[in-house]
There are 2 protein chains.
Amino acid sequence: MAYKYETVAADIRAMVASSLSPHQAIPSERELEATHGVSRLTIRHAIATLIDEGLLYNVHGSGTFVGSPTLFSKTPKLTSFTEDMKSRGHEASSRLLTMSREPASTETAHALGIPAGTECARLRRLRLADGEPIAVEDVRVPGPLLDIEEFTSTSSLYEVLADAGHEVYRAEQEIKAIALDEEAAHLLRVPLGTPALGVSRVSSDRRGRSIEYAFTLYRADRYTFQLAVTREADK
Amino acid sequence: MAYKYETVAADIRAMVASSLSPHQAIPSERELEATHGVSRLTIRHAIATLIDEGLLYNVHGSGTFVGSPTLFSKTPKLTSFTEDMKSRGHEASSRLLTMSREPASTETAHALGIPAGTECARLRRLRLADGEPIAVEDVRVPGPLLDIEEFTSTSSLYEVLADAGHEVYRAEQEIKAIALDEEAAHLLRVPLGTPALGVSRVSSDRRGRSIEYAFTLYRADRYTFQLAVTREADK
DNA sequence: AAGTGGTCTAGACCACCGC
DNA sequence: CGGTGGTCTAGACCACTTC
């Protein structure tokens, strides 16, 4: 069930991998149009997706070229902790610390855009990479969305939510530096006051309805945040 | 010299601002096609740019809708310190600490993809927001790109580089939490060991050629990093 | 079934780059 | 100047949502 632009994109990806070096030009759009027997718009659609990935770049009036290796890494995308760790070459695991239902604090209510006091499911988890503690996570999900009775320490929160019809599509994150308090320092096995990365995340579905509010503390010596940005968002 | 899709995008933006609330539908693509007298592809192009900005979202088979306020803030884009501060409602200023030419360290050479020992321009600047110190910045630019004799404390590095034909287009950043050393703590006027956000940035032009390698320490109590991410990068 | 956005065609002309 | 990517048209059909 592949669309034409997807097969064209796959063809170009294969051509780049097999026989082109960074900064070499790929065939022009009109050439690709002829060799693939599709319209130029379809070629452009395929190339646009590969530019999004950072595999190619183009210059108006000049051509389309293979990106340099430092441009390979993609624009930031939303991933689960497990996916994130896997992409970094680590095996993720998790230990459920507490699981409860509580009324939303004013902070949680504001973040999720719900009335204060609304019942929420709250999960606190210790996150491990290759068996070593790397982060402490504190998540709130609005009451009706998650049935905590069905949640176990090995469950993927995003999968459970998706199965219930709430697929996470987008998130806003705020990253700050924080000195660890006693409890978090103990859980992460570092001295009190050690700097850590604190990440607040509000996730929502495609329609912009809030799904979760999470605050995660990452050990600074084991975790850094990486992202690529471009000068213009449009195209 | 505005393109049609730009004027259509501006029209839609105005319509949203003046008379639509979050989650309300905008007119269908075929309606807009008729009312604006342009082809549907042009309408789609306009809508695509607005979706990129987070102003709209669409659902296949259902319609195109106004995004909720929490989705307003855009996907992360590359900005200068001055632009960044302005968007946060602060006035940026700068104090040039040191300016020199030095051979590239192995770290700098690796980051910029140049041979170790290549001469680079190095700038160290104290960054201020509303007159208060907020960050210490340490920037290296490969030798031939920047004439430090022409650089003053009020110059915009990106503008000077752009004037010399090296326009910053993309950057890769790494964010970590760090305890401030004595010198940085003194410059930022906080106690030794205070947590700070450390941001490494390698910027490149549209062709992927490295332009600058910067390391910036931000006061944790005055600066946080914000970004929106989506589940899939393509479309 | 009707309406929506998603893909696709076969052209055309414009804006930009390099020689 | 010729070749490149960027914009645009007027249609067509497909895939999905909603009723």
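Per chain, numbering begins at 1; letters A, B, ... match sequence-line order. These numbers come from a predicted model, not from an experiment.
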> Does A/Ala14 offer a backbone N or O that forms a donor-acceptor pair with the side chain of A/Ser18 under 3.5 Å?
Replying inline: yes
>> Donor-acceptor check, side chain of B/Ser62 to backbone of B/Val59, threshold 3.5 angstrom: yes or no?
In response: no
>> Assess, by modelled atom type and distance only, whether the side chains of A/His110 and A/Tyr213 contain a donor and an acceptor separated by less than 3.5 Å.
In response: no
>> Expressed as a whole number of angstroms, how long is the span from A/Phe65:CZ to D/dG5:C1'?
In response: 10 Å
> In terms of ring plane angle, is the pair B/Tyr218 and B/Tyr223 parallel, tilted or perpendicular, where the classes change at 30° and 60°?
Replying inline: parallel
>> I want to verify a distance call: between D/dT18, D/dT7, D/dG5, whose nearest atom is closest to the A/Asn58 side chain?
In response: D/dG5
>> What is the distance, to the nearest angstrom, from the CZ atom on A/Arg44 to the C1' atom on D/dT4?
In response: 11 Å
>> From C-beta outward on A/Val38, which listed nucleotide comes closest to its side chain: D/dT9, C/dT9, D/dA12?
In response: C/dT9
> C/dG5 P sits how many Å from B/Leu56 CG, rounded?
Replying inline: 11 Å
> Between A/Thr42 and A/Val59, which is nearer to the 5' end of DNA chain C once each is assigned its nearest nucleotide?
Replying inline: A/Thr42
>> For a quick check, tell me whether the side chain of B/Arg30 and the base of C/dG3 share a donor-acceptor pair closer than 3.5 Å.
In response: no
> Rounding to a whole Å, what distance do you find between B/Ile43:CD1 and C/dG6:C1'?
Replying inline: 16 Å
>> From CG of A/Leu41 over to C1' of D/dT9, roughly how many Å is that when rounded to an integer?
In response: 12 Å
> In whole angstroms, how far is the P atom of D/dT9 from the OH atom of B/Tyr5?
Replying inline: 13 Å
> When the distance from CD1 of A/Ile47 to C1' of C/dC8 is rounded to whole Å, what number comes out?
Replying inline: 16 Å
>> I need the CD-P distance between B/Glu31 and C/dA2, as an integer number of Å.
In response: 18 Å
>> Can a donor-acceptor pair be found, under 3.5 Å and without considering hydrogens, that links the side chain of A/Glu6 to the backbone of A/Tyr3?
In response: yes
>> Does a side-chain N or O of B/Ser39 approach OP1 or OP2 of D/dC8 to a distance below 4.0 Å, or not?
In response: no
> Choosing from C/dC8, C/dC13, C/dT7, which nucleotide comes nearest the side chain of B/Arg40?
Replying inline: C/dT7
>> Checking contacts here: which listed nucleotide (C/dA15, C/dG5, D/dT17) is nearest the side-chain heavy atoms of B/Ser62?
In response: D/dT17
